[in-house]
Amino acid sequence: MRAQQVAVQKKEIGPGAITREPINAAKFHKPVSRVYIIPERCKECDYCWTFCPNEVLELSDEINAAGYHHPKVKAGKENDCVNCGMCQAVCPEFAIYAKEEPRQ
Amino acid sequence: MISPQVPHGGPEVRVPHHINDPVIRSERLPNIWCPGCGIGIVVGAYVRALQKSAIPRERQISISGIGCTGRVSGYLNLDSYHTTHGRAIAFATGMAVARPELEITVIAGDGDLGVIGGNHLIHAARRNVDINVIMVNNFNYGMTGGQHGGTTPLGARTHTSPYGNVETPFNIPYLVAAAGASFVSRWTAMHVRQLTAAFSRMMEVKGFAFMEVLSPCPPTFGEFNGFPEALDMMKYFRDKAVVDHNADLSKIAVTARPDDSVVVGNFVDRKRPSYQELLGDLRARVQAQGVAKK
Amino acid sequence: MSSADAGGLKPGDHFMMGNFACVEGAILAGCRFYAGYPITPSSEIFERASVRFPQVGGNAIEMEDEVGSMAALVGASFGGAKVMTATSGPGFSLMMENIGLAYITEAPVVLVNVQRAGPSTGIPTLVGQGDMMQAKWGSHGDLETIAYSPSSVQEFFEFTIQAFNAAERFRTPVFVMADQIVAMMWERLRVPPAEEIEVTQRLVMEPAADQDRERVVFDYAKDFIPMPIAGRGSRVNVDSLTHDSRGYPTTDHGWSEKMTRHLAGKVRGHAREIWRWEEKFLEDAEVAVVSYGSAARSALAAVKYARAKGVKAGLLRLQTPWPFPDEVVEKVSRKVSGLVVAEINAGQMIHPVRENSRCPVVGVPWAPGTLIEPRAIVDAMQAVVAS
Amino acid sequence: MKFEIRITGLGGQGAITAGHVFGSAAALLEGKEVVVTEGYSPYVTGGWSRADVVVSDEPIDYPLVSRLDALVTMYQEGLDLNMKMVKPTGVVVAEQRLVDLSKVVGDKRVFPIPAADAADKLGKKVLMNIVMLGSAVALAAPRSLEPLKKAVMERFPKAAELNVRALDTGADLARAAKGRSIESLV
């Protein structure tokens with residue numbers, strides 16, 4: 001429920017935004033990363049999924065031993081984590097981090 | 001649109017350990033702090049600064065006082081000291097003078113450093129003791145259940161100011177800068193990258209390096225003052241923080257009212273001789289005179 | 001054990017004030033860190049330390065108050081330094097908070113209390129011995145105290161060295177309970193050659209393997225646990241909260257019991273090694289005076305006077321009031337018909353004396369801010385003998 | 001043999017210093033047992049101060065003075081307050097211009113010493129205490145001045161010669177004072 005509200009708010013920022021592509025964009029790659037979680041440490045503060053810039057995360061229906069819902073990757077967003085580090089940095093519990101998948 | 005060279009992501013992976021675990025006492029997690037408490041974010045930022053620092057981990061020392069933030073030291077895999085209420089800076093001063101090669105960081109709360117320990121704070125800044133001091137400011141005494149303190153904004157409601165706080169709070173960066181610190185900054189728990197950057201800078205600064213970190217305290221302060229959820233205060237910090245490194249410090253008192261802005265930044269970064277340097281010079285001067293044995 | 005520091009005072013005879021002799025003892029014991037706040041009548045200790053410590057490569061720093069002084073000492077102690085401060089009653093009160101910290105974290109600290117007259121600010125320049133019970137009970141929670149009480153400039157010097165040795169061995173705060181008379185008086189000080197002065201070095205914890213999270217860092221089965229010194233990689237959490245064998249805070253009843261017993265037990269279990277006392281004319285005594293510090297000099301004069309008048313008087317001088325030498329007092333109390341406790345207060349050490357005596361015990365309450373007069377002690381002895 | 005002396009004056013006159021010099025000479029150079037205790041008013045400067053010295057061949061138990069063999073005073077109250085402590089056989093050495101001796105006329109124990117003038121003549125006002133000390137020793141504890149001279153030389157290495165002369169001057173004044181009566185001065 002709350003997740004939906006936040007998503008709606010974020011979309012509201014959208015209209016009017018101008019996006020431009022850097023001319024040297026080809027020199028960069030967009031990292032594809034994996035999200036790692038330690039569910040038992042989570043206290044459901046909502047920070048990681050609220051502040052994830054790519055809206056990769058949402059709350060899971062599952063609960064840990066303390067009764068908290070931990071985050072999970074949204075269906076359809078599996079390849080959208082770019083390892084910006086926000087979830088790790090904003091998590092007060094050392095319960096989540098992302099790591100770039102090795103390039104083959 | 002995924003090319004064959006680019007790896008696939010995937011759903012989250014459940015693991016037993018965090019990549020920061022070597023730097024923390026992970027066996028003690030989950031920590032004791034409330035859901036959404038900003039202290040854990042500060043610990044994370046400090047841990048990442050520790051990982052980046054060239055200073056060997058053995059020389060990094062963490063010292064805390066008493067209260068919620070006082071528990072930080074116990075979660076760091078360093079030589080750590082959980083001392084008495086208000087006295088962490090005085091404790092650190094002794095250690096820093098005895099062992100100037102150590103990189104000592106005091107992490108404690110606003111009541112701890114700014115109220116009961118206020119005298120130690122201003123005098124350590126005056127002496128310019130070469131230590132780092134992080135004050136996690138959650139505007140009230142959290143561990144004892146949410147009483148007002150020396151940083152509680154005017155008018156704010158707490159369990160001991162049920163009709164609104166009638167005390168004007170300290171403007172902490174202004175105070176510490178006036179007292180003489182080499183480095184003075186203020187960030188919030190929402191400024192996760194700036195926190196780590198400021199920590200890294202503080203480890204380089206010679207002299208008293210001070211940072212105030214505004215932090216949500218959802219169950220005690222937030223609930224009575226317009227931020228019912230921890231997230232509300234984090235959003236407040238995101239939306240209302242104004243970065244101004246050159247701010248007039250006399251004008252940056254925090255009201256913590258949802259409509260008022262909060263000025264953050266690295267306000268002071270100046271060269272002043274540190275206490276340890278001056279003591280070292282003194283010893284050298286005295287010893288050069290030779291000890292006339294009586 | 002090793003011998004005294006070479007940076008100290010030249011061996012031989014010196015004419016010196018008690019407060020100065022204390023500092024010279026500290027330097028010979030290896031002390032290199034002083035954090036203080038000036039207070040009469042202890043200020044000469046800070047002043048002398050400010051001159052002497054930089055000469056021997058140490059630091060004597062002034063803190064903003066006595067609360068900060070004691071906190072800085074505990075910090076410097078964990079920095080590996082041998083540390084000291086000096087104060088008087090009002091400062092002693094302020095230091096109580098972090099004396100408790102030193103006690104629970106097992107930090108060697110030497111505190112010299114030059115006692116003065118009266119409660120609160122009292123009479124700063126005059127003598128008293130009113131902090132003896134505060135030394136034992138002043139900081140909250142159970143505390144087992146070690147305290148020395150010098151009666152001369154020579155003893156002030158020697159007991160300061162012994163206080164450091166006890167502090168380092170037992171890893172605990174140790175007090176030198178001096179007083180204004182013994183601190184301000186000048187007497188001959190005989191400094192032995194450095195090699196004859198025994199100095200105790202503390203047991204230091206070895207660095208830990210980084211990932212060894214399960215090790216027992218504090219083995220409470222042992223009386224003497226190595227100290228984790230900052231910067232050596234011991235990776236120990238030192239905590240003012242009741243803590244378990246890994247140094248982590250706990251509310252577990254078992255650990256509370258173990259830790260508390262360890263802290264008290266390491267002193268109580270070795271009390272006989274700590275006790276120091278002096279007996280004078282006790283062989284045939286029918287009445288004895290129990291005294292300590294400068295008051296004991298009056299007591300000795302009184303005993304000699306009483307003997308000249310035909311009263312078989314003796315003196316038991318407590319050089320270590322804490323831990324209280326109960327067996328010593330009990331033994332003396334069995335030989336005499338009464339004990340007189342001579343001290344410069346309204347009656348403090350008389351309580352443990354009475355608790356451990358098998359004969360009547362009377363006090364000589366004395367609080368005009370002067371050294372107790374021998375006449376008052378003689379009167380008390382005569383009353384005991386007459387009854 | 002036990003000897004007790006009180007040297008007293010106003011802050012800045014050097015009463016306590018004189019006590020330390022006397023005490024260290026006796027303890028370190030004559031091998032006596034010595035205790036020096038100090039006292040002063042709560043005022044840092046200007047108030048009274050005093051040094052009490054007990055010298056003995058035996059270890060000293062009670063460290064304070066009780067019956068004075070000598071009282072040295074450089075201010076009025078020093079005489080008024082302490083006369084009652086002076087033994088019948090003791091001596092009182094009083095600075096002639098700073099202490100009014102009219103009330104003790106006829107007391108054979110009292111010797112006025114013009115130490116302030118003597119110090120002025122020596123060229124340093126601050127030598128008054130040492131002049132007084134020289135007089136006191138000559139009058140109350142007749143003995144060689146040599147240990148005292150050594151003690152002042154050690155204590156004041158930069159003004160050693162001047163201090164030695166102050167001691168000699170004090171001893172000379174003492175000899176002269178013995179021949180005079182107090183009556184002739186008042």
Side-chain angles (χ1 to χ4, degrees), chain B residues 22 25-28 32 56-63 66 70-71 73-99 101-102 104 117 119-120 122-124 126-127 275-276 279 282-287 289-294, chain C residues 7-10 14 16 24 32-33 35 51-65 67-81 83 97-98 100-101 105 207 210-211 213-214 228-241 243 246-249:
Chain B
R25 295 195 171 111
S26 52
E27 69 275 22
R28 301 197 62 218
I32 66 158
R57 199 70 50 79
E58 283 70 35
R59 273 166 46 197
Q60 295 274 9
I61 309 294
S62 164
I63 299 174
I66 295 298
R71 297 302 186 100
S73 285
Y75 293 108
L76 292 161
N77 188 22
L78 302 173
D79 285 348
S80 62
Y81 299 87
H82 185 211
T83 65
T84 40
H85 195 37
R87 319 305 170 204
I89 288 177
F91 184 101
T93 299
M95 186 180 281
V97 168
R99 297 284 302 281
E101 75 277 16
L102 298 179
I104 296 172
N119 207 29
H120 308 303
I122 57 175
H123 286 281
R126 172 178 66 80
R127 296 182 188 109
Y275 190 44
Q276 290 96 315
L279 283 169
L282 180 147
R283 280 196 307 277
R285 216 161 3 104
V286 171
Q287 288 180 317
Q289 290 168 359
V291 181
K293 272 203 175 183
K294 273 191 84 179
Chain C
L9 198 61
K10 200 171 73 177
H14 301 263
M16 195 169 275
E24 296 301 339
R32 291 295 180 273
F33 185 90
V51 173
R52 294 285 284 128
F53 276 41
Q55 292 177 344
V56 294
N59 292 291
I61 66 168
E62 182 176 272
M63 293 300 286
E64 45 279 0
D65 54 29
V67 179
S69 300
M70 186 48 69
L73 290 183
V74 183
S77 187
F78 276 104
V83 303
E97 177 192 54
N98 292 303
L101 176 67
T105 60
D210 193 21
Q211 296 304 321
R213 305 286 179 98
E214 300 303 322
I229 300 298
R232 296 187 87 241
S234 340
R235 297 282 168 87
V236 169
N237 183 51
V238 173
D239 215 299
S240 64
L241 287 162
H243 43 266
R246 294 158 80 193
Y248 295 160

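Note that the structure is a prediction, hence the values are computed from the model and not measured. Below, chain A is the first sequence line, B the second, and so on; all start at residue 1.
- Smallest separation of non-hydrogen atoms from B/Glu58 and C/Gly233: CG-CA, 3.6 Å.
- Residues satisfying the ring pair (Phe, Tyr, Trp, His ring centres under 6.0 Å) criterion with C/His243, sequence neighbours excluded, are C/Phe218.
- Sorted by first and then second residue, the salt bridge (Lys or Arg N to Asp or Glu O under 4.0 Å) pairs with a member in residues 79-91 of chain B read B/Arg87-C/Glu97; sequence neighbours excluded.
- Both cation-pi conditions hold for B/Arg28 and C/Tyr248: the charged atom is under 6.0 angstrom from the six-membered ring centre and inside a 45 degree cone around its axis.
- By the 4.0 Å N-to-carboxylate-O rule, C/Glu64 lies close enough to B/Arg127 to be salt-bridged with it.
- With a threshold of 4.5 angstrom between heavy atoms, C/Ala35 does not approach chain B through any atom at all.
- In this structure, chain C has heavy atoms under 4.5 Å from both the backbone and the side chain of B/Ser26.
- If you tally non-hydrogen atom pairs under 4.5 Å between each of C/Gly100, C/Ser234, C/Ala81, C/Pro207 and chain B, the highest count goes to C/Ser234.
- Interface residue B/Arg283: backbone and side-chain heavy atoms are both found under 4.5 Å from chain C.
- The candidate with the highest count of non-hydrogen atom pairs below 4.5 Å against chain C, out of B/Ser80, B/Gly74, B/Ala284, B/Ser73, is B/Ser80.
- The candidate with the highest count of non-hydrogen atom pairs below 4.5 Å against chain C, out of B/Ala96, B/Ala98, B/Gly70, B/Ala88, is B/Ala98.
- Taking CD1 of B/Ile63 as the reference point, atom CZ of C/Phe78 lies at 10.5 Å (rounded to 0.5 Å).
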